[in-house]
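Report on the following structure.
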Amino acid sequence: MLILGISLGMGEIASAQSTVDDLIRYSGMQYEGTARATGAGNAFGAVGADFGAIGINPAGLGLYQGSEFSATLGFNSASSNGNYLNNNTSDNYFNPFIGNAGIVISNNKVKKGKDVSSGWLDVNWAIGYTRTNNFNSSTLFEGTNSNNSILTSFKENANYQKTNPYGLGYGTYGGLAYAAYLIDPYLNNPNNPYDSSNYVDRTRLDNSINVYQKDVIQTTGSTSNISLSFAGNYLGKLYLGATINVPTVNFTSNKTFTEYNNNPSTGVDGQYISSSLNETLTTTGVGINAALGGIYKFNDMFRIGLSIQVPTIYSLTDVFSTTMIGNTAQAQPGEQYNGLVSVSASNPTGFQYAIVTPARATLSAAIFFAKNGFLSADYEYCDYSQARLNNSNGNDYSDFNQTVHQTLQGVNTVRVGCEYRIDAFALRAGYNYISTPYKPGLTDPGFEDTYNILSFGMGFRAKKMGLDLTYQLVTNYSTYTPYTISTPADIAQYGTAPSANITTTKGNLMLTYTTRF
């Protein structure tokens with residue numbers, strides 16, 4: 001409730017879009033770079049010599065002994081299962097994607113016949129594109145609610161604004177619900193009802209609440225890094241690297257919540273039949289960050305790595321539109337419109353703002369078995385409570401940022417992987433676990449926005465080229481609350497709003513082509 005109620009009472013539609021969920025979305029990373037790194041669970045922080053490893057630890061670039069070009073094509077399928085009001089539903093989604101495209105230029109002293117008894121043996125650089133998050137999904141949940149209605153949430157939003165109907169904020173739930181005849185000002189003064197800042201909703205006329213609710217949520221898009229990296233190899237023991245990343249954001253969400261009244265009032269006046277709320281959000285933007293990394297090779301068998309990525313500063317633009325439809329059998333006395341009413345609000349020019357996502361640190365280790373393969377592990381820590389909205393354009397987000405700090409916590413990511421080689425062929429497997437960003441007590445136990453990721457892959461290496469194929473299975477357990485009921489009086493009468501426990505499963509099939517020169 002705390003998380004989803006943050007935007008309650010926001011005035012203009014343009015200022016209401018950034019929520020805690022947005023900061024979580026852009027703070028996380030689930031690498032979809034090369035098939036080789038993904039096949040071994042992206043536990044490549046100490047392995048290196050793969051374009052998918054550079055985004056995890058730029059020092060891995062120093063392990064290249066030759067120049068290389070790589071590109072990855074993938075296909076994503078997503079399915080979700082939602083349990084809402086003891087009713088189970090499912091939905092599916094499919095799309096192709098590009099995981100990476102990049103080039104590495106190696107300056108290797110050994111190949112050039114230069115002295116390698118001291119100093120830097122290699123100074124390599126790389127430029128390319130890597131996909132870091134996949135937002136494509138489709139979710140459906142529905143069920144019968146005999147405790148409360150979304151109209152109560154609309155009413156609370158209007159009451160929070162403490163104004164007469166003409167002062168309700170453009171694009172707010174309260175303003176739209178009033179225009180759609182779903183809420184009314186409380187008639188303290190029958191001769192002048194429009195001076196009231198207390199609102200009631202149309203379910204008050206029903207004998208009891210019994211509504212059928214359905215929510216359809218479709219999201220598309222991704223985040224990606226365009227990166228320029230440099231790394232060096234000092235005496236074949238110490239590898240140091242640095243990367244400048246320009247991350248890009250492309251995200252679209254379309255939500256439609258529909259409610260049907262199964263138990264309308266016996267009278268005709270003001271009878272509530274149904275309502276529908278459609279919200280479309282498109283977020284685009286660009287950011288900047290930098291990463292530093294090091295790998296130390298104790299011997300041919302064992303090495304460790306450490307990398308740090310500084311906070312990312314994003315400049316984002318939201319384009320938002322909302323349509324609310326109210327259906328009542330008859331308007332209140334004195335009102336001119338009876339029946340179906342559709343009202344809309346939008347910000348077609350977009351609302352610009354800036355966010356800062358937290359720094360992340362990765363500690364890595366790898367054990368190599370000569371040319372037969374390796375075992376590797378990465379531990380990554382990112383404190384999501386440090387994410388924030390930047391105060392800009394005359395807006396002060398201090399209260400919002402304090403809520404973020406109170407709501408979110410550090411996220412632990414564990415990645416383990418292995419590769420087994422048989423001559424020119426390789427088999428790979430990996431596992432990732434990503435802990436919940438929410439502090440304890442804010443979500444239902446067992447559905448806390450955690451991720452479990454399994455991957456399996458194979459590869460082939462010839463003298464000048466390579467092919468890698470990987471299948472990655474991503475499972476996310478989360479809780480979603482479509483609306484909020486927050487005032488003590490309404491909670492006492494109607495209870496809290498129901499939540500959907502959602503299990504989302506994504507399958508990524510990835511093919512990487514590599515050529516060396």
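Given the structure is predicted, the values throughout are model-derived calculations rather than measurements. Heads up: numbering here begins at 1 and tracks the sequence.
- Checked options N157, N159, L151; the residue passing with K155 is N159 (criterion: side-chain contact (heavy atoms from CB on, under 4.5 Å)).
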Legend entry - Worked verdict on I491 versus I485 for side chain to side chain contact (heavy atoms under 4.5 Å, CB included): CA-CA 6 Å; I491 291 175; I485 297 176; 4.1 Å; yes
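- With sequence neighbours excluded, no residue satisfies salt bridge (Lys or Arg N to Asp or Glu O under 4.0 Å) with E279.
- Residues V404 and Y384 share a closest heavy-atom pair of CG1-O, 4.1 Å.
- Partners of A158 according to the side chain to side chain contact (heavy atoms under 4.5 Å, CB included) rule, which considers only residues two or more places apart in sequence or in another chain, are L168, I183, Y199.
- Applying the salt bridge (Lys or Arg N to Asp or Glu O under 4.0 Å) definition to pairs two or more places apart or across chains, none involves residues 159-175.
- Every side-chain hydrogen bond (donor to acceptor under 3.5 Å, both in side chains) that S385 has, sequence neighbours left out, goes to D383.
- For the residue pair S307 / N57, no side-chain donor-acceptor distance below 3.5 Å is found, with atom types taken as modelled.
- Judged by distance alone, the side chains of S499 and T481 do bring a donor and an acceptor atom under 3.5 Å apart.
- Looking at residues two or more places apart in sequence or on another chain, you find a side-chain hydrogen bond (donor to acceptor under 3.5 Å, both in side chains) between S137 and T219.
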Inset, instruction - I would like to know whether Y93 and T220 meet side chain to side chain contact (heavy atoms under 4.5 Å, CB included); could you show each step before the answer? - result: CA-CA 10 Å; Y93 187 90; T220 59; 3.1 Å; yes
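- In summary, the side chains of N261 and D206 do present a donor paired with an acceptor at a separation below 3.5 Å, with no hydrogens or angles considered.
- Checked by atom type, the side-chain pair Q472/Y31 shows no donor-acceptor distance below 3.5 Å.
- A donor atom on one side chain and an acceptor atom on the other are not found under 3.5 Å apart for S321 and S346.
- Residues T223 and T132 have side chains that bring a donor and an acceptor to within less than 3.5 angstrom of each other.
- Side chain of N76 to main chain of F94: no donor-acceptor pair is present (N/O by atom type, distance under 3.5 Å, no hydrogens or angles).
- T243 places no side-chain N or O within donor-acceptor distance of the main-chain N or O of N245, the cut-off being under 3.5 Å.
- In this structure, the side-chain hydrogen bond (donor to acceptor under 3.5 Å, both in side chains) partners of Y212, at least two apart in sequence or on a different chain, are E142.
- Put simply, the side chain of T484 never gets that close to the backbone of S486: no donor and acceptor are under 3.5 Å apart.
- Between the side chains of T203 and D201, at least one donor N or O sits under 3.5 Å from an acceptor N or O.
- Annotation for Y260: atom OH does not count as buried by contact number, only 12 or fewer foreign heavy atoms lying within 6.0 Å.
- In the model, S222 has no side-chain atom that pairs as donor or acceptor with a side-chain atom of N134 under 3.5 Å.
- Neither side chain, T139 nor D91, offers a donor N or O lying under 3.5 Å from an acceptor on the other.
- Using modelled atom types, one finds no donor on one side chain facing an acceptor on the other under 3.5 Å when comparing S478 with D449.
- Annotation: salt bridge (Lys or Arg N to Asp or Glu O under 4.0 Å) contacts of R388 (sequence neighbours excluded): none.
- Pairs passing the salt bridge (Lys or Arg N to Asp or Glu O under 4.0 Å) check and including a residue from residues 404-415, sequence neighbours excluded, read D378-R415, E380-R415.
- Here T349 pairs with nothing under the side chain to side chain contact (heavy atoms under 4.5 Å, CB included) rule; sequence neighbours left out.
- N347 contributes a side-chain N or O that, together with a main-chain N or O of D318, makes up a donor-acceptor pair within less than 3.5 Å.
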Give every donor-acceptor pair under 3.5 Å between a side-chain atom in residues 77-85 and any protein atom, sequence neighbours left out.
from : atom 1 : to   : atom 2 : distance (Å)
S80  : OG     : S138 : O      : 2.7
N83  : ND2    : N88  : OD1    : 2.8
Y84  : OH     : Q213 : OE1    : 2.7

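- Residue L306 qualifies as enclosed at atom CG: its count of foreign heavy atoms under 6.0 Å is above 12.
- Looking at N145, its side chain does come within 3.5 Å of a backbone N or O of N148 through a donor-acceptor pair.
- The side chain to side chain contact (heavy atoms under 4.5 Å, CB included) test applied to V416 returns A377, V414, Y431, not counting sequence neighbours.
- Here OG of S342 is found 9.5 Å from CG of N278. Values are rounded to the nearest 0.5 Å.
- When atom types are taken as modelled, the side chain of T322 and the backbone of G171 share no donor-acceptor pair closer than 3.5 angstrom.
- S315 pairs by the side-chain hydrogen bond (donor to acceptor under 3.5 Å, both in side chains) definition with nothing, not counting sequence neighbours.
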Inset, instruction - Under the side-chain hydrogen bond (donor to acceptor under 3.5 Å, both in side chains) rule, what do Y483 and E156 come out as? Steps first, then yes or no, please. - result: CA-CA 11 Å; Y483 59 92; E156 287 188 347; over 6 Å; no
Inset, instruction - Show your working on side chain to side chain contact (heavy atoms under 4.5 Å, CB included) between Y353 and L389 and close with a plain yes or no. - result: CA-CA 8 Å; Y353 60 102; L389 274 169; 3.5 Å; yes
